Amino acid sequence: MPILQETLAGIYAPQRDEIRQMIKEHGDTVVSQVTVKQVYGGMRGVKGLVCDTSVVPPEKGLIIRGIELKELTDKLPEEIFYLLLAGTLPNPEELADLQAQFKKHMQVPAYVWDVLSAMPANSHPMAMFNTAILVMQKESVFARRYNEGMTKDQYWEATLEDALSIVAKLPTIAAWIYRKRFGKGDPIAVNPDLDWAENYVHMLGLGDPDGDFTKLMRLYLVLHSDHEGGNVSAFSAATVNSALSDLYYALSAGLNGLAGPLHGLANQECLKWVIEVNKKFGGSPSKEELEKFSWDTLNSGKVIPGYGHAVLRITDPRFDAFLAFGKQYCAGDPVFDTVAKVFDVVPGVLRQIQKIADPWPNVDAGSGALLYHYGMTEFDYYTVLFSVSRALGITSQAVVARAYGLPITRPKSVPTDWIKAQVNK
Ligand code: HAX
């Protein structure tokens, strides 16, 4: 048995037993209450889900399996995937085992290219990416083994097989979409000697003479990997997977949520906004010009993309990591310079609007400018990159959920008349 599978078998069984025992002994203990505002407010703050891969304390930001993000920025995405699944970072042998498993699964079935080629040429890259994942559903080990009658305690292993197979293929699919959708030439073949992120860079074909773009991509793929369980993409994927729809269905569903402008698409919207600023002012603007432009955006009824968060109440540590990278590698780039200026100005503007709970930048405020610097100028593509990374978290969460034996998700909805009756009691 590969090291990863053997390690996880040793970890998950006692965790599942401990949870079962806790439910048996404390199943009726109250851990959260729900207000009318929360019922109508996207369930914000309601503690009704379990996610052990990561937590996002409002005043700290992302912590993966107990390790703060700032301690993880020099890691490989494969190491983060191992951490998400197993709860510890891999040693060199464990890492090599995982990378070898990825390499076994890298080849994408040829029918995927046929399906993508048949889509309209101006399809959104996210629609193409999520279609590619969905169309591979017939490869699902989980679906096959479920039909063969596997037992419930084997669900996580089959989910893990699907996770490894899908995650290994995502850079190839994402790079193919980049090259075909944006007229960059023929797809570039996988190089099995490269690691997961290096291979992605290689297949994008943008060139990387000094290796800095690869550094950025590794960082990008680490920073976007997971953000606890209640965000739209993670929650949607987990709900679909809880019906025992396999990971091809579930990941595709979750990433369709990531394609929304209030979620993952904000990174493309954000760079658009920054470029618009530079265009209007013929380069990086003054603080006064930027302040006025921000108010104009808000007064026209639009949001300032890349700012605000449903959970965070500080500058997102993922933004901090991108800003530090930009200062080291992209100083003097007019687009990056504007991103840094926006950070100086926009929180002060948003703080003046009482209803905004978080005036600080989120992950999407800076990432696009860095990609732009390295020649990836197609905004519509950015959420695909985010998706390649977020697949690490979504698939890990599914493996853990199946290992815990969590049931189908089914909260209770109520009609407004029922709420009115409670309020008037
Ligand atoms: N610009 C303008 N208005 C904003 C705002 C911003 N950046 N952030 C919040 N608001 C507004 C909301 O639209 C809301 O207005 P209404 O009551 O009129 O609808 C009000 O302030 C209260 O919102 P909130 O409680 O502060 O924030 P929410 O939890 O409702 O929403 C969002 C969180 C991230 C969706 C929100 O801050 C937003 O729209 N930001 C801009 C888009 C963005 O950057 N999204 C990416 C978030 C990170 C992510 O998921 N990446 O994938």
Side-chain angles (χ1 to χ4, degrees), residues 35 37-46 51 54 56 58-59 61-62 69 126 129-130 220-237 254-274 276-277 290-291 293-322 339 342-343 345-369 371 379-394:
T35 63
K37 188 172 153 193
Q38 289 171 313
V39 171
Y40 284 100
M43 297 188 280
R44 203 75 83 255
V46 176
C51 172
S54 67
V56 182
E59 311 300 336
L62 179 61
L69 189 67
M126 279 300 288
F129 190 67
N130 297 344
Y220 191 107
L221 294 169
V222 165
L223 295 186
H224 291 79
S225 59
D226 203 35
H227 219 227
E228 65 177 41
N231 63 77
V232 166
S233 49
F235 187 29
S236 306
L255 297 179
N256 286 328
L258 199 72
L262 296 188
H263 194 13
L265 204 79
N267 59 8
Q268 86 169 54
E269 298 295 307
C270 190
L271 185 60
K272 247 186 227 165
W273 192 81
V274 168
E276 223 177 282
V277 169
L290 196 49
E291 198 169 326
F293 193 88
S294 304
W295 280 115
D296 287 348
T297 300
L298 292 165
N299 291 336
S300 70
K302 292 184 191 148
V303 296
I304 298 192
Y307 281 74
H309 201 271
V311 173
L312 289 173
R313 296 297 174 257
I314 49 159
T315 294
D316 191 330
R318 301 172 297 176
F319 175 82
D320 282 333
F322 278 137
V339 164
V342 172
F343 179 40
V345 169
V346 165
V349 170
L350 295 182
R351 259 196 304 233
Q352 295 174 51
I353 304 175
Q354 215 182 357
K355 66 177 181 180
I356 297 180
D358 174 44
W360 302 108
N362 60 57
V363 65
D364 297 321
S367 56
L371 299 172
F379 310 148
D380 280 357
Y381 185 72
Y382 294 170
T383 313
V384 172
L385 246 170
F386 191 153
S387 302
V388 172
S389 174
R390 186 49 64 89
L392 302 175
I394 288 178

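First listed ligand is number 1; within each ligand, the first listed atom is number 1. No experiment lies behind these values; they were computed from the predicted model shown.
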Gap separating the [atom1] atom of [X] from the [atom2] atom of [Y], nearest 0.5 angstrom:
| X | Y | atom1 | atom2 | result |
| --- | --- | --- | --- | --- |
| E269 | F379 | CD | CZ | 10.0 Å |
| N231 | L262 | CG | CG | 13.0 Å |
| L290 | F343 | CG | CZ | 13.0 Å |
| I356 | R351 | CD1 | CZ | 11.5 Å |
| D358 | L350 | CG | CG | 9.0 Å |
| F129 | F386 | CZ | CZ | 12.5 Å |

If we set the cut-off at 4.0 Å for heavy atoms, which region of E269 has an atom near ligand 1: side chain, backbone, both, or neither? neither

Check each heavy atom of I353 against ligand 1 and say whether those closer than 4.0 Å belong to the side chain, the backbone, both or neither. neither

Count the heavy atoms belonging to other residues, nucleotides or ligands that lie under 6.0 Å from NZ of K272, then report whether that count exceeds 12. yes

Exercise: identify the closest heavy-atom pair between I314 and G61: CD1-N, 4.0 Å

Minimal heavy-atom distance between S233 and R390, with the atoms involved, is OG-NH1, 3.9 Å

Kindly confirm or rule out an N or O of [X] lying under 3.5 angstrom from an N or O of ligand 1.
| X | value |
| --- | --- |
| P261 | no |
| K302 | no |
| G306 | yes |
| G264 | yes |
| P305 | no |

Considering only protein heavy atoms, which is closest to [atom], and at what distance to one decimal place?
| atom | result |
| --- | --- |
| atom 13 (O) of ligand 1 | V303 CG1, 4.2 Å |
| atom 33 (C) of ligand 1 | A310 N, 3.7 Å |
| atom 51 (N) of ligand 1 | D364 OD2, 2.9 Å |
| atom 27 (O) of ligand 1 | H309 O, 4.4 Å |
| atom 30 (O) of ligand 1 | R44 NH2, 3.3 Å |
| atom 24 (P) of ligand 1 | A357 N, 4.1 Å |
| atom 22 (C) of ligand 1 | K355 O, 3.3 Å |
| atom 11 (C) of ligand 1 | I356 CG1, 3.9 Å |

For atom 47 (C) of ligand 1, which candidate among D358, L258, D316, N362 provides the closest heavy atom? N362

Answer with yes or no whether N231 contacts ligand 1, where contact means a heavy atom under 4.0 Å from a ligand atom. no

For atom 3 (N) of ligand 1, is the nearest protein heavy atom closer than 4.0 Å? yes

Atoms of ligand 1, numbered as shown, that sit under 4.0 Å from any heavy atom of [X]:
| X | answer |
| --- | --- |
| A266 | 43 (C), 44 (O), 45 (N), 46 (C) |
| F386 | 52 (O) |
| Y307 | 6 (C), 7 (N), 8 (N), 37 (O), 40 (N), 41 (C), 44 (O) |
| L298 | 1 (N), 2 (C) |

For the pair [X] (side chain) and [Y] (backbone), establish whether a donor and an acceptor sit closer than 3.5 Å, ignoring hydrogens and angles.
| X | Y | answer |
| --- | --- | --- |
| S225 | L221 | no |
| T35 | Q38 | yes |
| N362 | G308 | yes |

Between H224 and F322, does the ring centroid distance fall short of 6.0 Å? yes

